[in-house]
A.B. asks: 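Supplied in C-alpha cells, the structure appears directly below.
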Amino acid sequence: MRWSRAFIPTLRDDPADSDAVSHKLLLRGGFMRQVGAGLWSLLPLGVRVVRRIERIVHEEMRAIGAQEFFLPTLHPAELWKQSGRWDKIDETLFRLRDRKRSEMCLAMTHEEVFTAIARDEIRSYRDLPQIWYQIQTKFRDELRPKAGLLRGREFQMKDSYSFDLDWEGLERSFEIHAAAYEKIFERVGIAAFRVEASSGAMGGSESCEFISYSDAGEDWVVTCRGCDYAANLEKANSALVPVEEPGSAGAPERFPTPGIRTIEALEQFPGGAPAAKQIKSLVYCTSEGPLLLLVRGDDELNEVKAIDATGDTQLRPASDEEIRAALGASAGSLGAVGVTDLPVYVDQALRGRSGMTTGANEDGFHLRSVDVERDVPEIRWADLRTVREGEPCAECGKPLEVRRAIEVAHIFKLGLFYSESMGATVLGREGKEVPIVMGSYGIGITRLVSAVAEACHDELGLVWPASVSPFDVIVTPVRTKDEAQERAAEELYASLREAGLEVLLDDRDERPGVKFKDADLIGVPLRLTVGPRSLAKGKVELQERQTAAGSEIPLEDAVEEVRRRVQR
RNA sequence: CGGGGCGUAGCGCAGGUGGUAGCGCAUCGGCUUUGGGAGCCGAAGGUCGUCGGUUCGAGUCCGACCGCCCCGACCA
C-alpha cells in the first residue's frame with residue numbers, strides 16, 4: 001500500500017474523549033472512529049488488525065476440529081423464550097419488533113440458534129461430539145460502554161459451542177478449547193492467562209476467563225504469589241482464619257442505639273462493637289421476593305457471589321419500602337435473629353461466630369451476644385464476601401494480590417442448561433434419549449484489538465506484535481523527491497511485496513520527521529529507511545519499532561532480512 | 001439509573017458582566033526548506049448540539065430535550 005493513496009487519518013493530539021491508552025492510540029493512529037456511544041467504525045488499518053487476529057483464531061479453531069457457521073444476528077423472540085433467556089436477561093438484550101409487530105432481538109450470543117440446529121438435526125450419539133463456531137457481530141445494550149473497543153454495544157466475537165454425549169466429553173471439549181485459547185493469545189502476542197470465574201447469567205456449572213492485565217480493564221483478578229491460584233474477584237476466596245469464640249453465655253440482649261444506622265457509627269457508640277464483631281444484614285429482592293444476606297461487619301458483599309448463591313440473576317438491593325415491609329425496620333437496624341419468613345444466606349466467615357452485634361429489626365435498637373448458628377434460624381451458608389488484597393491464599397496461605405485486568409475470553413461448561421430447556425437430545429447407546437452436554441467458548445475479537453494495544457505501546461505510539469500488525473514493514477524514503485531514493489524505495493517496495501509481505505510505502509511528500517512520527521504512531525514492527533547517508537553505500541537502515549535498534553544492511557539483503565524477522 | 005464534566009472550524013481549545021465569533025495544529029495555493037511532527041506569504045473553512053423563551057439584539061441569560069465522556073451501579 002502506498003501511504004499517499006491510503007486512508008490513514010492520523011491525529012497529532014490526543015482526542016479529548018478518550019481515557020484509556022488503547023482508545024487514544026487507536027484513534028490517533030487512524031484505526032477507528034466513533035459513531036456513537038459504544039459504536040465504532042473500523043478504518044482500513046483497524047480492519048487489517050482484526051483480520052489478522054481472526055485468521056489466527058480460525059487456524060486454531062480448525063486445529064481442534066471446529067467447523068465454521070454463519071448465523072443470523074436478528075433472532076425471533078420465540079427462540080429466546082424457549083431457552084428462558086428472554087425473561088432472564090434485562091435491558092442488556094436489544095429488543096425490537098418487525099413490521100408485523102413480532103418480537104425480535106439482536107443476539108448477544110448464539111446459544112439458542114446453535115442449540116436449535118443441534119436439536120433439529122442431531123439424532124444419534126454417533127454424531128457427537130461436535131464443535132461449531134462463528135465470528136460475528138454481537139449486540140449488548142451496555143449500561144456504560146467505555147474505553148473505545150474495550151466495551152462496545154456492538155462488537156465482534158468468536159463464539160464456539162461444543163456438543164457432547166456426556167460430561168467426560170464436555171471436559172475434553174472444554175480443555176481443548178482452553179489449550180487452543182492459550183495458543184491464540186500466545187500467537188497474538190499478549191500474556192493472557194486462565195482464571196476461575198463466575199458463570200453469571202449464562203447458566204452452567206463452571207467457567208474460566210482468560211485475562212490480560214491492564215489498568216484499563218474492568219475485571220478485578222485475584223492471584224496468589226505463592227502458587228498458581230488465580231480467580232476473578234467475583235469468584236475468588238481466601239483462607240478463612242478460624243475464630244475461636246467463647247460462646248455466648250446468655251441469650252441475645254436488646255439495647256437502645258438511637259440514631260445509629262451504620263457499621264462505623266456502631267463501632268463508636270458506647271456499648272457498640274468493632275466491625276468484625278458486627279453482622280451486616282442486607283435485604284435483596286429476587287423474582288421470588290425478598291431475602292436476607294449476612295456478611296461480617298468489616299466485609300463487603302459481592303453481588304455476583306450472591307447471584308451465584310441464590311441462583312437468581314434478577315437479584316437487586318431492596319428499596320427502603322421493601323425493606324420495611326420485609327422486616328419492619330429501616331436499613332441500619334436490620335438483623336436475622338429469629339427471622340423465619342425470608343430465606344437467610346450467611347457468609348462462611350460468620351460460621352461459629354458468637355458474641356456478635358446486629359440490628360434488632362426495630363429502629364434504634366440492636367442486639368448483642370448473638371450466636372450466629374444458635375440465633376439465626378435456617379441458615380443457608382454461602383460464599384458472599386469480597387476477598388481483599390493480602391489475605392492468605394486458600395491453597396497455600398501466601399498473600400493474595402488483586403489487580404485490574406481485561407477479560408479477553410470466557411469459556412463455560414453449560415451442561416444441560418440449553419439442551420434441556422430447548423429439548424436438544426440424542427439417542428444414546430442404550431437407545432434412550434439423553435440431553436446433549438454443551439459448552440460455550442467466547443473470545444472477544446475487537447476487544448482483543450484494544451487488549452493488544454493496551455499491552456503493546458510506548459510513548460511514541462503503538463507497537464504491534466508482528467503477528468497482528470496492519471503491515472509487516474514500512475518503507476520510508478527520507479526524501480521522495482530525490483530520484484535515487486525514490487527508485488531504491490520503489491524497488492524495495494516491489495520486491496518485498498513479491499516476497500509475500502504486507503508493505504506500506506510512505507511515498508508522501510512530507511518531511512522525514514512527520515513520516516517517522518507517523519510510522520511510530522501506527523506501530524509497524526519494522527521500518528526500512530531509505531536515506532542519503534546509507535544509500536550512498538548501497539545500504540538501507542532497518543529499524544525495529546519495539547527496541548528502536550537500527551542497523552545498516554545492504555540493499556540486496558533487505559528482503560531476506562525482513563522476511564527472516566517477520567518469520568511467518 | 002445515581003454523581004460529575006462537556007458540546008463553538010477536521011483535531012485541541014478561547015470567547016468577564018448580552019452587541020453578530022477567534023487562536024494553535026491540520027487543510028488549500030505559492031516560495032523557501034528537507035534524517036524525528038519546519039519557516040514565511042496568502043486562502044478556504046462555523047446551522048456556536050436541538051427546540052423554545054427573555055431581549056431592540058443571545059455563543060453568552062432562562063427552560064426543555066438530545067448527544068458524548070468520566071466515576072459508581074450493572075454486565076458471557
Side-chain angles (χ1 to χ4, degrees), chain A residues 9-20 23-24 27-28 30 33-39 85 88-93 107-111 138-148 150-153 155 157-161 197-204 207-210 216 218-219 232 234 301-304 307 313-317 319 407-414 417-418 439-444 447 460-461 476-482 485 506 508-521 527 529-535 540-541 543 548 550:
Chain A
T10 57
L11 300 170
R12 280 196 195 210
D13 305 313
D14 279 342
D17 272 355
S18 58
D19 186 48
H23 185 190
K24 286 182 192 166
L27 231 30
R28 279 191 57 206
R33 285 296 184 261
Q34 184 163 26
V35 172
L39 304 173
R85 290 166 98 200
K88 198 173 172 186
I89 292 171
D90 60 1
E91 302 301 308
T92 306
L93 182 64
M108 42 199 289
T109 58
H110 280 74
E111 278 80 1
K138 311 287 174 191
F139 290 87
R140 288 183 203 175
D141 196 358
E142 298 283 359
L143 263 53
R144 185 151 90 84
K146 61 179 282 195
L150 218 46
R151 182 196 281 183
R153 292 195 293 175
F155 55 95
M157 181 175 183
K158 188 287 301 185
D159 47 331
S160 43
Y161 302 84
S198 161
S199 308
M202 273 306 303
S207 81
C208 290
E209 283 177 0
F210 286 82
E218 313 181 83
D219 280 17
N232 189 301
E234 296 169 348
L301 171 74
N302 187 302
E303 291 194 357
V304 176
I307 288 171
T313 57
Q314 308 287 316
L315 198 71
R316 59 167 177 85
S319 66
E407 172 194 8
V408 286
H410 203 152
I411 61 179
F412 298 82
K413 292 180 184 172
L414 296 175
F417 189 87
Y418 292 89
S440 90
Y441 316 88
I443 176 165
R447 180 177 280 184
L460 294 173
T476 308
V478 170
R479 277 196 65 180
T480 317
K481 292 273 173 64
D482 182 281
Q485 284 177 44
D506 195 348
R508 294 176 300 170
D509 182 20
E510 287 285 355
R511 298 169 63 83
V514 173
K515 296 188 183 187
F516 294 152
K517 290 289 185 195
D518 268 345
D520 288 342
L521 178 60
R527 189 181 82 206
T529 311
V530 181
R533 294 204 293 243
S534 41
L535 194 58
V540 284
E541 292 149 59
Q543 191 177 70

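Please read these numbers as outputs of a predicted model, since none were measured by experiment. Lettering of chains follows the sequences in order, A, B, ..., and the numbering in each one begins at 1.
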A.B. asks: Distance check, P atoms only: B/G22 and B/G72, in whole angstrom units.
C.D. replies: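 Each nucleotide's P atom is 42 Å from the other's.
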
A.B. asks: With P as the reference atom in both, quote the distance from B/G59 to B/U8 in angstrom, rounded to an integer.
C.D. replies: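 Going atom to atom, P in each nucleotide, I get 15 Å.
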
A.B. asks: Within the structure provided, determine whether A/Met157 and A/Arg140 are in side-chain contact (heavy-atom separation under 4.5 Å).
C.D. replies: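 Yes. Closest side-chain heavy atoms under 4.5 Å.
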
A.B. asks: Which nucleotide, in any strand shown, forms a Watson-Crick or G-U wobble pair with B/C1, with both distances under 3.5 Å?
C.D. replies: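 B/G72 is the nucleotide pairing with B/C1.
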
A.B. asks: According to salt bridge (Lys or Arg N to Asp or Glu O under 4.0 Å), who are the partners of A/Arg508, at least two apart in sequence or on a separate chain?
C.D. replies: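 A/Asp506, A/Asp518.
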
A.B. asks: Mind checking the P distance from B/A44 to B/G52? Whole angstroms is fine.
C.D. replies: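 Taking atom P in both B/A44 and B/G52, they lie 32 Å apart.
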
A.B. asks: Any side-chain heavy atom of A/Leu150 sitting closer than 4.5 Å to one from A/His23?
C.D. replies: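 They are not in contact (no side-chain heavy atoms under 4.5 Å apart), so the answer is no.
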
A.B. asks: Taking any heavy-atom pair under 4.0 Å as a contact, classify A/Pro9: base, sugar-phosphate, or nothing.
C.D. replies: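 It contacts nothing in the nucleic acid.
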
A.B. asks: Would a 4.5 Å heavy-atom cut-off, applied to side chains only, mark A/Tyr161 and A/Thr109 as touching?
C.D. replies: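 Yes, at least one pair of side-chain atoms sits under 4.5 Å.
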
A.B. asks: Side chains of A/Arg12 and A/Leu521, heavy atoms from C-beta outward: is any pair under 4.5 Å?
C.D. replies: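 SC-SC contact between A/Arg12 and A/Leu521 ruled out.
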
A.B. asks: So if I take every side-chain heavy atom of A/Glu142 and compare against B/C75, B/G36, B/A73, which nucleotide ends up nearest?
C.D. replies: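 Within the option list, the nearest is B/C75.
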
A.B. asks: P atom, B/G37 versus B/U50: distance in rounded Å?
C.D. replies: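 Nearest-Å result for B/G37 against B/U50 at atom P: 39 Å.
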
A.B. asks: Report the distance from atom CG of A/Asp141 to atom C1' of B/C1, rounded to the nearest whole Å.
C.D. replies: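 Those two atoms, CG and C1', are 13 Å apart.
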
A.B. asks: Could you let me know what B/G35 is paired to, Watson-Crick or G-U wobble, both distances under 3.5 Å, or none if it's on its own?
C.D. replies: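 Pairing partner: none.
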
A.B. asks: Is A/Glu91 touching bases, backbone alone, or none of the nucleic acid, heavy atoms closer than 4.0 Å?
C.D. replies: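 A/Glu91: no heavy atom of the nucleic acid under 4.0 Å.
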
A.B. asks: Quickly work out the A/Leu39 CG to B/G67 P distance and round it to whole Å.
C.D. replies: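 From A/Leu39 CG to B/G67 P: 12 Å.
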
A.B. asks: Checking all strands, does A/Gly36 fall into the base, sugar-phosphate, or nothing category for heavy-atom contacts under 4.0 angstrom?
C.D. replies: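 Contact class for A/Gly36: sugar-phosphate only.
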
A.B. asks: Looking only at atom C1', what distance separates B/C28 and B/G3, rounded to whole Å?
C.D. replies: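 Pairwise C1' distance, B/C28 against B/G3, rounds to 46 Å.
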
A.B. asks: Please tell me which of the listed nucleotides, B/C75, B/C68, B/G37, lies nearest to the side chain of A/Arg151?
C.D. replies: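 Of the candidates, B/C75 comes closest.
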
A.B. asks: Is the shortest heavy-atom distance from the side chain of A/Lys517 to the side chain of A/Thr10 under 4.5 Å?
C.D. replies: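 Of all side-chain heavy-atom pairs linking A/Thr10 with A/Lys517, none is under 4.5 Å.
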
A.B. asks: Could you check if a side-chain atom of A/Pro15 sits within less than 4.5 angstrom of a side-chain atom of A/Arg28, using non-hydrogen atoms only?
C.D. replies: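 Yes - at least one pair of side-chain heavy atoms lies under 4.5 Å apart.
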
A.B. asks: B/C71, OP1 or OP2 - any side-chain N/O from A/Lys146 closer than 4.0 Å?
C.D. replies: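 Looking at the OP1 and OP2 atoms of B/C71, one of them is under 4.0 Å from a side-chain N or O of A/Lys146.
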
A.B. asks: Roughly, in whole Å, what's the span from CZ in A/Arg12 to C1' in B/G24?
C.D. replies: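 Going from CZ in A/Arg12 over to C1' in B/G24 covers 11 Å.
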
A.B. asks: Collect all protein-nucleotide pairs involving nucleotides 31-34 of chain B in which both atoms are nitrogen or oxygen and the distance is under 3.5 Å.
C.D. replies:
from: B/U33; atom 1: O2; to: A/Arg511; atom 2: NH1; distance (Å): 2.8

A.B. asks: Say you pick atom C1' in B/G16 and the same atom in B/C61; how far apart are they, in whole Å?
C.D. replies: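 After rounding to an integer number of Å, I get 14 Å for this pair.
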
A.B. asks: Residues in side chain to side chain donor-acceptor pair (under 3.5 Å) with A/Lys138, at least two apart?
C.D. replies: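 Partners of A/Lys138 by the side chain to side chain donor-acceptor pair (under 3.5 Å) criterion, ordered by chain and then number, come out as A/His110, A/Asp159.
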
A.B. asks: With A/Asp520, which residues qualify under salt bridge (Lys or Arg N to Asp or Glu O under 4.0 Å), at least two apart?
C.D. replies: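 A/Asp520 satisfies salt bridge (Lys or Arg N to Asp or Glu O under 4.0 Å) with A/Arg545 only.
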
A.B. asks: Using the test side chain to side chain contact (heavy atoms under 4.5 Å, CB included), find all partners of A/Ala37 that sit at least two apart in sequence or belong to another chain.
C.D. replies: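 A/Ala37 satisfies side chain to side chain contact (heavy atoms under 4.5 Å, CB included) with A/Pro145, A/Arg153 only.
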
A.B. asks: With rounding to the closest Å, how many angstrom separate the C1' atoms on B/C62 and B/A73?
C.D. replies: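 Those two atoms are separated by 33 Å.
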
A.B. asks: Quick check on RNA chain B: between A/Arg153 and A/Arg533, whose nearest nucleotide comes earlier from the 5' end?
C.D. replies: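 With A/Arg153 and A/Arg533 compared, the 5'-side residue is A/Arg533.
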
A.B. asks: Restricting to salt bridge (Lys or Arg N to Asp or Glu O under 4.0 Å), what partner residues turn up for A/Asp509, sequence neighbours left out?
C.D. replies: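 Expected list: A/Lys481.
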
A.B. asks: Side chain of A/Leu143: nearest nucleotide among B/A73, B/A38, B/G35?
C.D. replies: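 Selected nucleotide (nearest to the side chain): B/A73.
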
A.B. asks: Between the protein and nucleotides 8-14 of chain B, are there any N/O to N/O pairs under 3.5 Å, and if so, what are the atom names and distances?
C.D. replies:
from: B/G12; atom 1: OP1; to: A/Ala16; atom 2: N; distance (Å): 3.0

A.B. asks: Which part of the nucleic acid does A/Arg447 contact within heavy-atom distance under 4.0 Å: base, sugar-phosphate only, or nothing?
C.D. replies: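 No contact at all - A/Arg447 keeps every heavy atom at 4.0 Å or more from the nucleic acid.
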
A.B. asks: Could you tell me which nucleotide pairs with B/C40 by Watson-Crick or G-U wobble geometry, both distances under 3.5 Å, or answer none if nothing does?
C.D. replies: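 Per the H-bond distance test, B/G30.
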
A.B. asks: Atom CZ of A/Phe139 to atom C1' of B/C75: distance rounded to whole Å?
C.D. replies: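 Roughly 17 Å, once rounded to whole Å.
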
A.B. asks: Tell me which nucleotide among B/G36, B/G35, B/C69 gets nearest to the side chain of A/Asp520.
C.D. replies: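 Among B/G36, B/G35, B/C69, the one nearest the side chain of A/Asp520 is B/G36.
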
A.B. asks: When only distance counts, do a donor and an acceptor, one from the side chain of A/Arg144 and one from the base of B/C75, lie under 3.5 Å apart?
C.D. replies: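 Answer no: no donor N or O sits under 3.5 Å from an acceptor.
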
A.B. asks: Considering every strand shown, what is the Watson-Crick or G-U wobble mate of B/G10 when both distances are under 3.5 Å?
C.D. replies: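 Partner of B/G10: B/C25.
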
A.B. asks: In the strands shown, is B/A64 matched to any nucleotide by a Watson-Crick or G-U wobble pair with both distances under 3.5 Å, and which?
C.D. replies: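 B/U50 - that is the nucleotide pairing with B/A64, both distances being under 3.5 Å.
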
A.B. asks: For A/Glu209, enumerate each residue passing the salt bridge (Lys or Arg N to Asp or Glu O under 4.0 Å) test, keeping only those at least two apart in sequence or located in another chain.
C.D. replies: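 For A/Glu209 there are no salt bridge (Lys or Arg N to Asp or Glu O under 4.0 Å) partners, ignoring immediate neighbours.
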
A.B. asks: So what does A/Tyr161 hit on the nucleic acid, given a heavy-atom distance under 4.0 Å: a base, only sugar-phosphate, or nothing?
C.D. replies: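 Contact class for A/Tyr161: base.
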
A.B. asks: Which residues pass the ring-ring contact (aromatic ring centres under 6.0 Å, His included) test with A/Tyr441, not counting sequence neighbours?
C.D. replies: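 A/Tyr441 satisfies ring-ring contact (aromatic ring centres under 6.0 Å, His included) with A/His177 once adjacent residues are dropped.
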
A.B. asks: Is A/Arg33 touching bases, backbone alone, or none of the nucleic acid, heavy atoms closer than 4.0 Å?
C.D. replies: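 The residue A/Arg33 makes no contact with any strand.
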
A.B. asks: Checking all strands, does A/Ala519 fall into the base, sugar-phosphate, or nothing category for heavy-atom contacts under 4.0 angstrom?
C.D. replies: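 No contact.
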
A.B. asks: Grab the NZ-P distance between A/Lys517 and B/A26 for me, whole Å please.
C.D. replies: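 The answer, rounded to whole Å, is 14 Å.
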
A.B. asks: Side chain of A/Arg527, base of B/G36: donor and acceptor closer than 3.5 Å?
C.D. replies: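 When only heavy-atom distances are counted, A/Arg527 does reach the base of B/G36 through a donor-acceptor pair under 3.5 Å.
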
A.B. asks: Regarding A/Gln34, tell me which of base, sugar-phosphate or nothing describes its non-hydrogen contacts under 4.0 Å with the strands shown.
C.D. replies: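 If one applies the 4.0 Å heavy-atom cut-off, A/Gln34 turns out to touch the sugar-phosphate alone, with no base involved.
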
A.B. asks: If pairing requires Watson-Crick or G-U wobble contacts with both distances under 3.5 Å, which nucleotide is the partner of B/C56?
C.D. replies: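 Result: B/G19.
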
A.B. asks: Whether A/Arg140 contacts B/C75 is assessed here as follows: a side-chain N or O lying under 4.0 Å from the phosphate OP1 or OP2. Is that the case?
C.D. replies: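 For A/Arg140, the contact criterion (side-chain N or O under 4.0 Å from OP1 or OP2 of B/C75) is not met.
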
A.B. asks: Using a heavy-atom cut-off of under 4.0 Å over every strand shown, decide if A/Met157 touches base, sugar-phosphate, or nothing.
C.D. replies: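 Base, at least one base atom sits under 4.0 Å.
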
A.B. asks: I'd like the P distance from B/G63 over to B/G45, given in whole Å.
C.D. replies: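 So the two P atoms sit 36 Å from each other.
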
